[in-house]
Amino acid sequence: MRVRDSIHDDRLPNSYYAATCNDMSGFRRLEGNIKVDICVVGGGFTGVAAALHLAERGYEVALVEQNRIGWGASGRNGGQVIGGYGQELSNFAKIEKTFGSGNAETVWKMGVECVDIISDWVKKYQIDCGLKWGYVDLAMKESELEELQHSKAALEAQGYPHEQKVLNATEVKNYVGSDRYIGGVTNMGWGHCHVLNLVLGEARAAEKLGVQIFEDARVSALHEREGKVIVDMDHCRVTANKVVLAGNAYLGKLVPKLASRVLPAGSYILATEPLCEKLSGQIMPAGFAACDQRWALDYFRLTPDHRLLFGGLATYSGRHPRDIVAAVKPNMIKVFPELKNTGIDYAWGGYMGIGLNRIPQVGKVADNIYYAQAYSGHGVAPTHMSAKLIAEAIEGDRSRFDIMANVKHPPFPGGQLFRQPMLAAGMAYYRMKDAMGR
Ligand SMILES: Cc1cc2nc3c(=O)[nH]c(=O)nc-3n(C[C@H](O)[C@H](O)[C@H](O)COP(=O)(O)OP(=O)(O)OC[C@H]3O[C@@H](n4cnc5c(N)ncnc54)[C@H](O)[C@@H]3O)c2cc1C
């Protein structure tokens, strides 16, 4: 099976999510020109959540998406809802080092809040996205298990409100039926969901609050004129007092400064055919989402119809593998050899936006143009936080926005031409370390 979607393909990918989506009816096309208070560019979690946060605060918002809502990483990822914002949630010392002791607690709390935003909206707007709590971090060697135990203790020391449990080699099999892991740590504050249904559910909630949502609306240029921003598309124009740029890895060269700080890296996922209850109960008995600790990590979970959704592989070359099943299935079989002859119904990939320091990038490119991007493969929950910080700043409270906006984000070395190969070489080094067990 070949990946069908490329950066230029406007259809939703051949994913499990697109095939099982609640509502594919779509949003309208903008015909003619409109004026609004705020125009959001990009219909992934960052853009949709920004529109919803702003609409909840009473702003008049238009959201423009070049393809379909959820077409980017947001509607096609692993569906793992993981906390932590700006740094690993457990590494308070690192948060203090990056943000200073005065801000560390605020940033740490945002790492918990980002998951709460999703959980609150799912309840408030009755979004049917199968949100399920339960996550297990898996260790393949003693040093990883020690690190996970240390993280658990660090979270408890900060007053983390959710239950965590350390698992030994026998206990971990109650969560992941594989011989590959020597232990793990569970976290009941993290979980998984159908991400396309989540982003579309949030978009419908925003629409009900008055947000005008347009698909098939590719922004080709931005101009500032008399204090307004003119957002030009091929066939129409939005004039706004403020703009929020939320195109992330798919924004391309629209704003060169943003492009130089985010690198699109491919990640790939398989969905098996539905497994019989016995087999799904054997491989993932607790129904948790799971992830290992390597650089080129495996992440996986069961869907409500008992498929295994297995993701992994990171490519930094800008090219998708020719055959995703051939590239990813061997990794799946290493974890679950009993799935050797299991059919694969869907295989797809997408781009996540990587930043050099792996801290989400939030800020302004001009007085009235805000942006958020670069969640480095961990964005389902953090996008919701970045969006909230932008909404707070637009409303006049810049206290939390400024903490993030003051972080320096260096551009990738090598410029447009060499940054991709340089990062690919760096990743090859870490993959080799993974393979050598270091
Ligand atoms: C395969 C894969 C698996 C992943 N798994 C996980 C996971 O399990 N858990 C996790 O936390 N994170 C995961 N991630 C990362 C996560 O999906 C992203 O961090 C997050 O979805 C980013 O959301 P976003 O809204 O910023 O960007 P996107 O969802 O990529 O949205 C950007 C949107 O902007 C639009 N756009 C761009 N340019 C323009 C323009 N000029 N005009 C109009 N529209 C434009 C695009 O079409 C796109 O729809 C994964 C990513 C991938 C690719």
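As the structure lists them, so they are numbered: ligands from 1, and atoms in each ligand from 1. Hydrogens, waters and symmetry mates are skipped; everything else that's a heavy atom, side chains included, is used. Worth saying up front: this structure is predicted, and the values here are computed from it rather than measured.
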Please say whether [X] places an N or O atom under 3.5 Å from an N or O atom belonging to ligand 1.
| X | value |
| --- | --- |
| Ile269 | no |
| Asn248 | yes |
| Trp71 | no |
| Met352 | no |
| Tyr299 | no |
| Gln80 | yes |
| Val380 | yes |
| Tyr351 | no |
| Gly78 | yes |
| Ile82 | no |

Distance from [atom] to nearest protein heavy atom, with residue and atom:
| atom | result |
| --- | --- |
| atom 31 (O) of ligand 1 | Gly44 CA, 3.6 Å |
| atom 24 (P) of ligand 1 | Thr46 OG1, 3.5 Å |
| atom 29 (O) of ligand 1 | Ser74 OG, 2.5 Å |

Are Trp121 and Glu56 close enough that a side-chain donor and a side-chain acceptor fall under 3.5 Å? yes
Is the distance between the ring centroids of [Y] and [X] under 6.0 Å?
| X | Y | result |
| --- | --- | --- |
| Tyr85 | His384 | no |
| Phe336 | Phe300 | yes |
| Tyr370 | Phe401 | yes |
| Phe288 | Tyr135 | no |
| Tyr16 | Trp348 | no |

Going by the order shown, which atoms of ligand 1 are within less than 4.0 Å of some heavy atom of Ser267? 1 (C), 2 (C)
Please identify each residue that fulfils side-chain hydrogen bond (donor to acceptor under 3.5 Å, both in side chains) with Arg180, with sequence neighbours left out. none
Side chain, backbone, both or neither: which applies to [X] and ligand 1 if a contact is any heavy-atom pair less than 4.0 Å apart?
| X | value |
| --- | --- |
| Ala246 | backbone |
| Thr383 | side chain |
| Val41 | side chain |
| Tyr375 | side chain |
| Ala217 | backbone |

Could you check which of Pro382, Ala73, Gly83, Gly42 puts a non-hydrogen atom nearest to atom 28 (P) of ligand 1? Ala73
Just to be sure I'm reading this right: ignoring hydrogens, which of Glu65, Gln373, Gln66 gets closest to atom 39 (C) of ligand 1? Compare them by their nearest heavy atoms.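 Of the listed residues, Gln66 has the closest heavy atom.
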Could you go through residues 32-40 and list every donor-acceptor pair under 3.5 Å that involves a side-chain atom there, pairing it with any protein atom two or more places apart or in another chain?
from, atom 1, to, atom 2, distance (Å)
Asn33, OD1, Arg237, N, 3.0
Asp37, OD1, Asn241, ND2, 2.9

What heavy-atom pair brings Cys114 and Gly83 nearest, and what distance separates the two atoms?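 Scanning both residues completely, I find the closest heavy atoms to be SG-CA, 4.2 Å.
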Donor-acceptor pair, Arg68 side chain versus Met24 backbone, under 3.5 Å?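 Between the backbone of Met24 and the side chain of Arg68 there is a qualifying donor-acceptor contact (under 3.5 Å).
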Please confirm whether the backbone N or O of Val61 pairs with a side-chain atom of Gln212, one donor and one acceptor, at under 3.5 Å?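 No; zero donor-acceptor contacts below 3.5 Å.
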Asp402/Arg398 salt bridge by N-O under 4.0 Å criterion: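 Salt bridge flag = yes for Asp402 with Arg398.
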